[in-house]
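Heads up, the thing below is written out as C-alpha cells.
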Amino acid sequence: MFKINENYLKLPGSYLFSTIGKKVNAYCAANPEKKVIRLGIGDVTQPLAPAIVEAMHMAVDEMGKAETFRGYAPDLGYEFLRETIAENDYRARGCDISADEIFVSDGAKCDCGNIQEIFSLENRIAVCDPVYPVYVDSNVMAGRTGTYDRDRETWSDVIYMPCTAENEFVPALPREGEKPDLIYLCFPNNPTGAVVTKVQLQEWVDYANRTGSVILYDAAYEAYITEEDIPHSIYECEGARACAIEFRSFSKNAGFTGVRLGFTVIPKELKCGEVSLHSLWARRHGTKYNGAPYIIQRAGEAVYSEAGKAQLKAQIAYYQRNAAYIFDGLKDMGYTVSGGVNSPYIWLKTPGGMTSWEFFDCLLEQVNVVGTPGSGFGPSGEGYFRLTAFGSYENTVEAVDRMKTIPL
Ligand code: MLT
C-alpha cells in the first residue's frame with residue numbers, strides 16, 4: 001500500500017490566500033449586489049507596459065516562422081536575459097554578479113519554495129514573524145519544522161524572529177544559543193513593508209559569514225524603494241557572495257503576476273565545504289524545470305529597454321501613489337500605520353483591540369473591502385492587517401473613503 005508524505009498533514013488549514021479567496025467568494029455569492037474592493041493578495045491590476053507587449057508580439061511572430069522558431073529554452077535561462085539582468089540589476093549597482101550566476105524561472109514564489117530542497121533536513125530555519133507563508137510551509141512539507149503548537153501557532157524546530165512595532169518590524173540578530181542554518185529575509189518586507197538600511201543588512205551578512213549560515217534573501221519588492229541607503233540587492237553588502245542567495249520577481253515591478261517570470265541568484269563562491277550551491281541548484285533546475293518560455297523571457301528583456309524602464313517607472317509610481325493615499329488616509333483617520341513608503345504594502349494596527357480576522361470580517365461585511373489579516377503571516381502579526389497598493393487608483397480611493405465610515 002502506498003504511503004503519502006505525512007508532512008502535508010501537519011499543515012494547519014489551507015494556504016493563506018486560498019482561505020481568503022474562499023471567504024470572499026462565499027461573501028460575493030451571498031451578496032451579489034455588493035461591489036467588493038480587493039486589496040488583499042498583492043496582485044497587480046495595471047496592464048502590461050506597451051514595450052513589453054510589443055516584445056511579446058515580436059517573439060510570438062518569431063515562434064510562428066520555421067527559421068526563428070524555438071523549442072525548449074535553455075533550462076537556466078536564455079543568455080540574452082541573464083546578461084541583461086546581470087548588467088542592469090547588479091553591475092549597474094556595483095554588485096559583482098555574472099550572467100551565469102542567474103537562474104531564470106517562472107517566478108520567485110516557486111524558487112523560494114523549492115530552494116530548501118538543496119539543503120539537508122537537519123538544517124534549522126529562521127524566519128521573521130510575521131512572514132510570507134511560503135518559506136515556512138515549504139519547509140513543513142519537507143519535514144524540517146518539527147511539531148506544530150496550535151495555541152502558539154508556531155513550529156518547534158523553527159526559529160522565529162519577531163518583527164514588532166518595538167523593533168520597527170526589523171528582526172534582531174538571533175540570540176546566543178539560537179543557531180539557524182538557513183535565514184529567510186525579505187526586504188522591503190512582505191507583509192510589513194519594513195526596510196533595512198545597508199548597514200543593518202551588512203550586519204546580517206557578517207553574522208551569516210561568521211556562523212556559517214545561508215541567507216535566503218527575497219528582494220521581490222525592491223522596485224518600490226524610494227529612500228536612499230536602502231539596499232536593492234543583498235550583494236550590495238560586502239561578503240554576501242559567500243553567504244547569500246537572492247530571489248527576484250518580475251511580478252511586482254513589471255506586472256507579471258499572470259505572465260510568470262523570476263530569477264534566483266547563486267554566486268559561485270557560496271559553498272558547503274567543496275560543494276557549490278550553484279551546482280546543486282543547476283542540477284535541480286536542469287532536472288525538474290524546462291526553462292521559462294521564450295516569449296516570456298523576451299518580455300522580461302523588454303523590462304530593461306529604455307522604453308520599458310520609462311513605462312514601468314510610471315507604473316510603479318502609480319502604485320506608489322496608491323500606497324501614499326492609503327497610508328495618509330488611514331493616518332488621518334487615527335490608525336497606527338507603517339510600511340507603504342518603500343513598499344506596496346501598508347501595515348496597520350487593527351482598531352479597538354480587534355483580532356486580525358475580526359477586522360477582516362468587519363471590513364468585508366461593513367464596507368466590502370478585502371485585506372489580509374496579519375495573523376495569517378504568523379503570531380506576531382496578530383492585531384495587524386495588511387492592505388495592498390496594487391488596486392486601481394479609483395478603487396483605492398473608494399476603499400479608503402469607505403473605511404472612514406468605520407468608527408475607531
Ligand atoms: C502576497 O500577497 O503576499 C503576494 O502577492 C504573494 C505572492 O507574491 O506570492
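Every heavy atom of this structure was used, including side-chain atoms; hydrogens, water molecules and symmetry mates were not. Remember, it's 1-based here, ligands and their atoms both numbered in the order they're listed.
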Could you walk me through whether Y294 and R298 pass the side chain to side chain donor-acceptor pair (under 3.5 Å) check? CA-CA 6 Å; Y294 175 69; R298 281 293 183 203; 2.8 Å; yes

Which of the numbered atoms in ligand 1 are under 4.0 angstrom from any heavy atom belonging to Y132? 6 (C), 7 (C), 8 (O), 9 (O)

Side-chain heavy atoms of I52 within contact of V303, under 4.5 Å: yes

For N190, atoms of ligand 1 separated by under 4.0 Å from a heavy atom: 1 (C), 3 (O)

In ligand 1, which numbered atoms sit nearer than 4.0 Å to a non-hydrogen atom of K109? 9 (O)

Would you say D43 has any N or O atom under 3.5 Å from an N or O of ligand 1, going by distance alone? no

What atoms of ligand 1 come closer than 4.0 angstrom to any heavy atom of K252? 4 (C), 5 (O), 7 (C), 8 (O)

For I118 and L280, the nearest pair of non-hydrogen atoms, with its separation, is O-CD1, 3.8 Å

State whether Y148 and K10 meet the cation-pi test: NZ (Lys) or CZ (Arg) under 6.0 Å from the six-membered ring centroid, and within 45° of the perpendicular axis. no

Under the 6.0 Å and 45° cation-pi test, does R321 pair with Y393? yes

When you compare the side chain of Y90 with that of D96, does any pair of heavy atoms fall below 4.5 Å? no

Interfacing atoms of ligand 1 (cut-off 4.0 Å, heavy-atom, F17): 1 (C), 2 (O), 3 (O)

For G42, the ligand 1 atoms with a heavy-atom partner under 4.0 Å come out as 1 (C), 2 (O), 5 (O)

In terms of atom number and element, which parts of ligand 1 are under 4.0 angstrom from non-hydrogen atoms of I41? 2 (O), 5 (O)

For ligand 1, the portion of Y345 having any non-hydrogen atom under 4.0 Å away: side chain

Indicate yes or no: does an N/O atom of Y15 lie under 3.5 Å from an N/O atom of ligand 1? no

K35/E398 salt bridge by N-O under 4.0 Å criterion: yes

